[in-house]
Amino acid sequence: MASRYRWILLPDPDRDFPHRRTDWWRVAVALVVALVVAGGLVFQQPLRRAFTCGWFDGSAWSAAGECVGLSDGSYDYGLDRFAAALHVIEQQNGAAADKCDPQGTAVTVGVLLTLTDRNAGGRALHELEGMAAGQRHANDTGCLHPMRLVVANVGAYGPDNEAVEVARELADDPAVVAVAGLGLSQQKSAEVADLLAGAKIPMVADLITAEGFDQNGSRDDQPDFRACDPDITYPRGVGRDYFYRVAYRNAVQIEQLAAVLPGRPDFIMVPTGGSDPYPCTALPVMQRRFGGKITEVKFDADEASTVPLTAQRVCGTAKDVEVLYIARGSDLARFLFSLDEAFLGGRCAATSVTVVSTSDGLRVRSPEDTAMLEDLRLRALRSPSFADGRIRLVSTLVSGADRFRGDNPGFRDLEAAFTGAGFDAAHLDDGWAVNGYDAVTTVSAALRTLPSAKPVQRSQVNTAISGFSSSGQAVVGAGGPITFDNSGNRADAGPPVVRVCPLRPAAGDQAARTPTVLVRPGVPPNC
């Protein structure tokens, strides 16, 4: 019997029997398959987003095995520990106009952060809570423009360029008038800042401290980027004309440390490699400020077993030893614990070891989000050598304050908003909540200068923020008054230096907290 088809698909027109509609089924199936394939290619990203994170909400998607993107608080990225804070933001978004001027035009502020990067740890939750508290305070009695937040999670700075893609989602939303947060001191953060500046969106960074991450590449600090990766862009500056930061940059922190710690340190502990801007830009500044040629003790941040080896090196000197710690706080507890083991085992010739750190050292005041790191943290802060003072930890307060100290009345506002939102006051100790609050509060202060009945433009917010340049026009921040120089850096004298004291036992239903005492020149900082 002759085939009814030519070329497998098309019905044969020369057949002498009648054509039936079923003769065309092969053609129909082929067309459907072709359309599906073509549609999949054209709509690849929307389809990927629809079937991964957010369930048909195109604002969140999967990248490097985790969910990233935007949320108004109703979506928690599959991260249970952030669900309560995000729910608070969702509720506050819904009630944003309750206490504001009835004629006030609403605004949307993006809070861009990493919820999962290893260099953030448990502090990421505190940062988000601080931002939520900033929104709560902004929308309190007397506000002119109801503020709604959209949370932009960039994930763990993975290989898929997700940080920039998430920032592009914010930039493409015409309702977003400003962005707070910006993530960590990373090359991707520099790319994010430049993208947002291209969209003329003002940014207030809360945690970025590395040299280069301001509008002129930290030119006044005379940074040295030779130890960093060769393909970095931040030496040229970031977010030109639109970037500000409430965190104190590394050079200012190092100056504060040098002012209260006389003498020459014995060692600088630093990770190998130049991919991390935080240590690679701080190391040359630290060497220069303390006289140069300080012995560098290196470890591999990707190999935990190398940290105890640095403790052995430090313990080989029979005197009071001072170690400058220029590394991420994720490795600090292991270093402190290794020193204690050496003291207890009789393997440490040093009479005492003082570890001096820039801002990330205060990570040890924050509960970790992994059991192994939390166990190390508790062991270090409760160890006999730390308790009796043979091991001491000194660090800068990158937020400017960890409690009300008299010259920062804004801390009372933070405490009221923070606890009013249902958050644990112990989460204020490490400074990330304070900085998150101050970043959002800076945007809020700018909004309060703008007419209530007119739509808010991004350029207006940027001009208002740049005007916070003198003591008479300072933002009332929880960490103290906030002003900016022409490069977008925080412009006041600098942060206090504190000694971190042993961890207090928990009292009743309150979490255990790690206290601090101020370090002043010539005055022993006794816990």
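Because only heavy atoms are used, hydrogens play no part in the values below, and waters and symmetry mates are left out as well, while side chains stay in.
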Hydrogens and angles aside, do Asp492 and Tyr248 bring a side-chain donor and acceptor to less than 3.5 Å of each other? yes
Assess whether side chain to side chain contact (heavy atoms under 4.5 Å, CB included) is satisfied between Ser189 and Tyr157, documenting all intermediate values. CA-CA 9 Å; Ser189 297; Tyr157 288 96; 3.0 Å; yes
In residues 334-342, what donor-acceptor pairs under 3.5 Å come from side-chain atoms, sequence neighbours left out?
from, atom 1, to, atom 2, distance (Å)
Ser338, OG, Arg334, O, 2.8
Asp340, OD1, Ser385, N, 3.0
Asp340, OD1, Ser385, OG, 2.7

Can you tell if the side chain of Lys298 reaches within under 4.5 Å of the side chain of Pro271, non-hydrogen atoms only? no
Quick check against the 3.5 Å criterion: does Glu322 have a side-chain atom that pairs as donor or acceptor with the backbone of Val353? no
Keeping Glu66 on the side-chain end and Ser62 on the backbone end, is there a donor-acceptor pair under 3.5 Å? no
Could you pull out every donor-acceptor pair under 3.5 Å between side chains of residues 432-439 and any protein atom, sequence neighbours left out?
from, atom 1, to, atom 2, distance (Å)
Asn435, ND2, Asp206, O, 2.5
Asp438, OD1, Ala478, N, 2.6
Asp438, OD2, Ala478, N, 3.4
Asp438, OD2, Gly479, N, 3.1

Salt bridge or not for Asp402 and Arg365, using N-O below 4.0 Å? yes
Taking side chain as C-beta onward, heavy atoms only, is Ile482 less than 4.5 Å from Thr441? no
Determine whether a donor-acceptor pair (N or O, by modelled atom type, separation under 3.5 Å) exists between the side chain of Gln215 and the backbone of Gly239. no
Side chain Tyr325, main chain Leu332, donor-acceptor under 3.5 Å: yes
Could you check whether any side-chain heavy atom of Val285 comes within less than 4.5 Å of a side-chain heavy atom of Asp224, counting everything from C-beta outward? no
Mutual orientation of the aromatic rings belonging to Phe418 and His427 [parallel < 30°, tilted 30-60°, perpendicular > 60°]: perpendicular
Is Thr306 reaching over with its side chain to a backbone N or O of Phe299, donor-acceptor style, under 3.5 angstrom? no
Do Asn408 side-chain atoms and Gly480 backbone N/O form a donor-acceptor pair below 3.5 Å? no
Checking side chain to side chain donor-acceptor pair (under 3.5 Å) against Ser487, which of Asn216, Asp220, Asp214 comes through? Asn216
With a 4.5 Å cut-off on side-chain heavy atoms, are Asn153 and Val166 touching? no
Is there a donor-acceptor contact under 3.5 Å from the side chain of Thr396 to the main chain of Val398? no
Is a side-chain donor-acceptor pair under 3.5 Å present for Gln460 with Thr463? no
Measure the shortest side-chain to side-chain distance between His126 and Asp430 over non-hydrogen atoms and say whether it is less than 4.5 angstrom. yes
Can you list every salt bridge (charged side-chain N to carboxylate O under 4.0 Å, His left out) pair that touches residues 246-259, not counting sequence neighbours? Asp221-Arg249, Glu255-Arg289
State whether the side chain of Gln287 and the backbone N or O of Ile294 hold a donor-acceptor pair below 3.5 Å, judged by distance alone. yes
